[in-house]
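We number each residue from 1, following the sequence as shown. All figures in this text were calculated on a predicted structure; none of them were measured in a lab. Values below: every heavy atom of this structure, side chains too, minus hydrogens, waters and symmetry copies.
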Amino acid sequence: MNKEKMMDCERNRFQKFINFRLSHRFMPIGIAVVLLSITAMFVRAFALDGDTLWLKHILQKTMLVGLLIMSLSKDKEEDEMTISLRAQSYAIAFVIGVIYALVMPYVEFGVSNVVNSEGQAFKDLGDFQVLLFMLMIQLLFYHNLKRYR
């Protein structure tokens, strides 16, 4: 196999990976998964007693999967414009997510020290909080960009 054929093969694989989208029928499934996860989180918080930390982690991961399904599903009419808007929303979500991950721990630290006189130790954000924020920002910006195109 010559060098050009290998490069074409790799380019085609890369393009398949970049252009991967789920069918538009997955959007209601993603919404249902997110809503069921949120409902189960409320039930766990207010109705269940005992050590249910494992359930909290499972529900958080399930919620992230639901948001990812929503983020990856196509629109009914997918064209170059919606693909471009989706890419823009991913870029915006990434930049805002990085800024959020850098700034938010200092904001929480400052507010907790103002509110509580004994002060609180500095802590970083968890992966769930950052990923949830970024996926929500991506979905919100995508739908707003699509509405104002």
Legend entry - Ser71-Tyr90 side chain donor-acceptor pair, cut-off 3.5 Å: yes
Inset, instruction - Indicate yes or no: does Arg11 engage Asp8 in a salt bridge with an N to O separation below 4.0 Å. - result: yes
Legend entry - Considering all heavy atoms, the nearest Ser89-Gln138 contact: OG-NE2, 2.9 Å
Legend entry - Min side-chain heavy-atom separation Met41-Gln60 under 4.5 Å: yes
Inset, instruction - Report, as yes or no, whether the 6.0 Å neighbourhood of atom CZ on Phe128 holds more than 12 heavy atoms from other residues, nucleotides or ligands. - result: yes
Legend entry - CG on Leu59 to OG1 on Thr52, rounded to 0.5 Å: 9.0 Å
Inset, instruction - Identify the two heavy atoms, one from Ser73 and one from Ser23, that lie closest to each other, and give their separation to 0.1 Å. - result: CB-O, 3.5 Å
Legend entry - Any Tyr100 side-chain heavy atom under 4.5 Å of Gln129 side chain: yes
Legend entry - Sidechain-backbone polar pair: Ser112 side chain, Glu108 backbone, donor-acceptor under 3.5 Å: yes
Inset, instruction - Find the distance between CG (Leu102) and CG (Leu125) and round it off to the nearest 0.5 Å. - result: 9.5 Å
Inset, instruction - Could you check if a side-chain atom of Leu53 sits within less than 4.5 angstrom of a side-chain atom of Lys56, using non-hydrogen atoms only? - result: yes
Inset, instruction - Indicate, with yes or no, if Met70 and Leu131 share a hydrophobic cluster defined by side-chain heavy-atom contacts under 4.5 Å among Ile, Leu, Val, Met, Phe, Trp and Tyr. - result: yes
Legend entry - Pairwise distance CD1(Ile137) to CG(Leu132) - rounded to 0.5 angstrom: 10.0 Å
Legend entry - Hydrophobic cluster membership, Val107 vs Met134, 4.5 Å side-chain cutoff: yes
Inset, instruction - Flag yes if Leu140 and Leu135 sit in one hydrophobic cluster, no otherwise; membership is Ile, Leu, Val, Met, Phe, Trp, Tyr, and two members link when side-chain heavy atoms are under 4.5 Å apart. - result: no
Inset, instruction - Check the surroundings of atom CD in Gln15: do more than 12 heavy atoms from other residues, nucleotides or ligands lie under 6.0 Å from it? - result: yes
Inset, instruction - For Met104, look at atom CE and say whether over 12 heavy atoms of other residues, nucleotides or ligands are found less than 6.0 Å away. - result: yes
Inset, instruction - Answer yes if Val111 and Val103 sit in the same cluster of Ile, Leu, Val, Met, Phe, Trp and Tyr residues linked by side chain heavy atoms under 4.5 Å apart, and no otherwise. - result: yes
Legend entry - Ser84 side chain to Glu80 backbone, donor-acceptor under 3.5 Å: no
Legend entry - Nearest-0.5 Å distance that lies between atom CG in Asp75 and atom CZ in Arg86: 5.5 Å
Inset, instruction - Enumerate the residue pairs fulfilling salt bridge (Lys or Arg N to Asp or Glu O under 4.0 Å) with a member in residues 13-31, sequence neighbours excluded, ordered by first and then second residue. - result: Glu10-Arg13
Legend entry - Euclidean distance, Met27 CE relative to Leu72 CG, rounded to 0.5 Å: 10.0 Å
Legend entry - Connected via hydrophobic side-chain network under 4.5 Å: Ile83 and Phe20: no
Legend entry - Between OG1 on residue Thr62 and CG on residue Leu55, distance to nearest 0.5 Å: 9.0 Å
Inset, instruction - Using a 4.5 Å cut-off on heavy atoms from C-beta on, say whether the side chain of Phe141 contacts that of Ile96. - result: yes
Legend entry - Nearest atoms (heavy-atom pairs only) where Pro105 meets Ala101: CD-O, 3.3 Å
